[in-house]
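One structure is given below, encoded as structure tokens.
Every chain is numbered from 1 and lettered A, B, ... according to where its sequence line falls, protein lines coming before strand lines.
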There are 2 protein chains.
Amino acid sequence: MMKEYRNIGFKLTPQRLAILDHLQGNKSHPTADEIYRAISKRFPTMSFATVYNTLEALKKRGMILEITIDPDKKRFDPDTTAHHHIICIRCGKVGDVPDNQSVLNMPKIGIRGFKITKWHIDFHGICKECEGSGS
Amino acid sequence: MMKEYRNIGFKLTPQRLAILDHLQGNKSHPTADEIYRAISKRFPTMSFATVYNTLEALKKRGMILEITIDPDKKRFDPDTTAHHHIICIRCGKVGDVPDNQSVLNMPKIGIRGFKITKWHIDFHGICKECEGSGS
DNA sequence: CTGGCTGCAAATCTTTTGCATCCTG
DNA sequence: CAGGATGCAAAAGATTTGCAGCCAG
């Protein structure tokens with residue numbers, strides 16, 4: 001597994017290991033700032049630049065996805081399998097939506113002269129917690 | 001038409017008319033900065049604050065949509081009918097994708113405990129111009 | 001060893017805000 | 001007239017960058 005990274009020209013430093021460890025299985029769709037804060041607790045010398053650099057390096061290599069459902073900041077997802085997202089319009093929490101039933105029967109080519117490479121669905125809704133707690 | 005706006009508590013100032021005029025039928029999915037720059041040519045006293053305030057007021061009243069396909073900045077769309085978007089992964093241009101065939105047969109309730117209110121598809125691809133001009 | 005990575009701080013870019021003044025309805 | 005809107009400039013956030021020193025491979 002660490003070999004995987006090395007084979008794609010990704011140097012494994014202690015900082016990067018901490019970031020990878022934090023992202024591993026993380027379903028919270030964290031922002032760069034959330035990742036930085038979570039890690040700096042145990043790793044006080046971590047810097048923003050390293051978090052951003054690492055996220056960018058991972059994104060470039062397809063190891064993580066940058067998701068655009070939140071208009072206010074970039075969020076990252078270590079789950080690179082086909083799936084979509086849902087955001088609560090009250091609290092902003094982001095959840096996963098499986099791509100089962102492969103909802104779309106989209107032509108892979110030809111929409112408005114674009115050659116389509118992929119797509120992603122943003123669902124908007126109200127989560128259980130917010131629904132239960134009134135407006 | 002101007003009456004429509006007044007009836008929903010939206011005061012029509014010269015600045016707002018210029019913004020509305022610029023957005024009318026605009027298919028470029030402009031950012032706040034693009035709108036500001038386009039208008040300040042002929043309206044030198046226009047300020048960013050007014051552009052942002054107006055976009056926020058229009059969004060709140062459902063007259064325009066804020067689209068999240070571009071991770072770097074907010075883009076706005078005066079077309080509020082059901083449709084989706086496609087962004088060119090090379091040049092960043094954003095196009096419309098009709099919602100015909102109502103591609104999704106999604107349940108309106110029940111995904112991951114969320115009550116779904118709406119959805120939007122981000123398509124990613126390569127536009128005609130970029131495809132033609134090599135890498 | 002060496003090129004890529006880190007940490008710091010400053011810079012940049014986008015968006016928001018405070019406030020005195022203005023003007024639409 | 002009154003309350004909402006404007007313009008300016010400063011503030012606030014998020015993200016990027018320059019660079020000297022460090023360290024994984």
Side-chain angles (χ1 to χ4, degrees), chain A residues 1-22 29-61 63-64 66-76 92 94, chain B residues 1-22 29-61 63-64 66-76 92 94:
Chain A
M1 147 126 182
M2 276 150 64
K3 202 157 193 185
E4 284 175 37
Y5 289 107
R6 294 196 178 102
N7 287 342
I8 56 176
F10 186 83
K11 265 191 195 172
L12 287 172
T13 63
Q15 295 84 345
R16 290 183 162 192
L17 286 171
I19 294 173
L20 288 170
D21 179 63
H22 181 74
H29 311 89
T31 63
D33 182 61
E34 285 164 358
I35 294 167
Y36 169 74
R37 284 212 302 273
I39 293 178
S40 28
K41 283 181 199 163
R42 299 169 178 276
F43 211 129
T45 72
M46 174 71 58
S47 78
F48 269 109
T50 298
V51 173
Y52 279 106
N53 284 342
T54 301
L55 290 173
E56 181 61 27
L58 289 170
K59 188 176 72 173
K60 193 173 302 173
R61 292 172 174 77
M63 316 299 287
I64 61 173
E66 177 181 320
I67 60 186
T68 56
I69 198 172
D70 182 340
D72 294 331
K73 35 192 169 300
K74 295 178 177 178
R75 293 182 170 277
F76 296 88
V94 177
Chain B
M1 147 122 182
M2 277 150 64
K3 204 158 191 182
E4 284 174 38
Y5 289 107
R6 294 196 177 102
N7 287 343
I8 56 176
F10 186 82
K11 267 190 194 172
L12 286 172
T13 64
Q15 295 83 346
R16 289 183 163 192
L17 286 170
I19 293 172
L20 288 170
D21 178 63
H22 181 75
H29 312 87
T31 63
D33 181 62
E34 285 164 358
I35 295 167
Y36 169 75
R37 285 212 302 272
I39 294 178
S40 29
K41 284 181 199 164
R42 298 170 178 277
F43 211 129
T45 72
M46 174 70 59
S47 77
F48 270 110
T50 297
V51 173
Y52 277 106
N53 285 342
T54 300
L55 290 172
E56 181 60 27
L58 290 170
K59 187 176 72 172
K60 194 173 301 172
R61 291 172 174 77
M63 318 297 289
I64 61 172
E66 176 182 317
I67 61 186
T68 55
I69 198 171
D70 183 340
D72 294 330
K73 34 194 169 304
K74 295 179 178 177
R75 294 183 169 277
F76 297 89
V94 177

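- Met63(B) places none of its side-chain heavy atoms less than 4.5 Å from the side chain of Leu20(B).
- Using a distance-only test at 3.5 Å, with no hydrogens or angles considered, no donor-acceptor pair links the side chain of His29(A) to the main chain of Phe76(A).
- Side-chain N/O atoms of Gln15(A) include none lying less than 4.0 angstrom from OP1 or OP2 on dC5(C).
- In this structure, Thr68(B) and Asp70(A) have side chains that are not in contact, with every pair of non-hydrogen atoms separated by 4.5 Å or more.
- Listed by chain and residue number, Tyr36(B) satisfy the ring pair (Phe, Tyr, Trp, His ring centres under 6.0 Å) test with Phe48(B) (two or more places apart in sequence, or in another chain).
- For the pair Phe43(B)/Leu17(B), no side-chain contact is recorded, criterion being any heavy-atom separation below 4.5 Å from C-beta on.
- With a 4.5 Å cut-off on side-chain heavy atoms, Thr54(B) and Gln15(B) do not count as touching.
- Here the shortest heavy-atom pairing between Ala32(B) and Val51(B) reads O-CG1, 3.7 Å.
- On the nucleic acid side, DNA chain D contacts chain B at distances under 4.0 Å to non-hydrogen atoms, with the end points of that region at dG3(D) to dC8(D).
- Rounded to an integer number of Å, the gap from CD1 of Ile8(B) to C1' of dG25(C) is 15 Å.
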Evaluate Lys74(B) against Ile67(B) for side-chain contact (heavy atoms from CB on, under 4.5 Å), listing each step before the verdict. CA-CA 7 Å; Lys74(B) 295 179 178 177; Ile67(B) 61 186; over 6 Å; no
Hey, what are the protein-to-nucleotides 21-24 of chain C N/O distances that come in under 3.5 Å?
| from | atom 1 | to | atom 2 | distance (Å) |
| --- | --- | --- | --- | --- |
| dT24(C) | O2 | Lys11(B) | NZ | 3.3 |

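- Partners of Ser40(A) by side-chain hydrogen bond (donor to acceptor under 3.5 Å, both in side chains), not counting sequence neighbours: none found.
- From one end of the helix from dC1(C)-dG25(D) to dG25(C)-dC1(D) to the other, with five pairs defining each end axis, the axis direction shifts by 50° (rounded to 10°).
- With sequence neighbours left out, the side chain to side chain contact (heavy atoms under 4.5 Å, CB included) criterion links Lys59(A) to Glu56(A), Ile64(A), Glu66(A).
- Partners of Ala38(A) by side chain to side chain contact (heavy atoms under 4.5 Å, CB included), not counting sequence neighbours, listed by chain and number: His22(A).
- Checked against side-chain hydrogen bond (donor to acceptor under 3.5 Å, both in side chains), Asp21(B) has no partners two or more places apart in sequence or in another chain.
- Taken residue by residue, residues 39-46 of chain B places heavy atoms nearer than 4.0 Å to DNA chain D at Thr45(B), Met46(B).
- The side chain to side chain contact (heavy atoms under 4.5 Å, CB included) test applied to Thr31(A) returns Asp33(A), Glu34(A), Lys73(A), Arg75(A), not counting sequence neighbours.
- Evaluation of the side chain to side chain contact (heavy atoms under 4.5 Å, CB included) rule for Lys11(B) yields Arg16(B) as partners, not counting sequence neighbours.
- Residues Leu12(B) and Phe10(B) have side chains in contact (heavy-atom distance under 4.5 Å, counting atoms from C-beta outward).
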Using atom names, set out every protein N or O paired with an N or O of nucleotides 14-18 of chain C below 3.5 Å, distance rounded to 0.1 Å.
| from | atom 1 | to | atom 2 | distance (Å) |
| --- | --- | --- | --- | --- |
| dT15(C) | OP1 | Lys74(B) | N | 2.8 |
| dT15(C) | OP2 | Tyr52(B) | OH | 2.6 |
| dT15(C) | O5' | Tyr52(B) | OH | 3.2 |

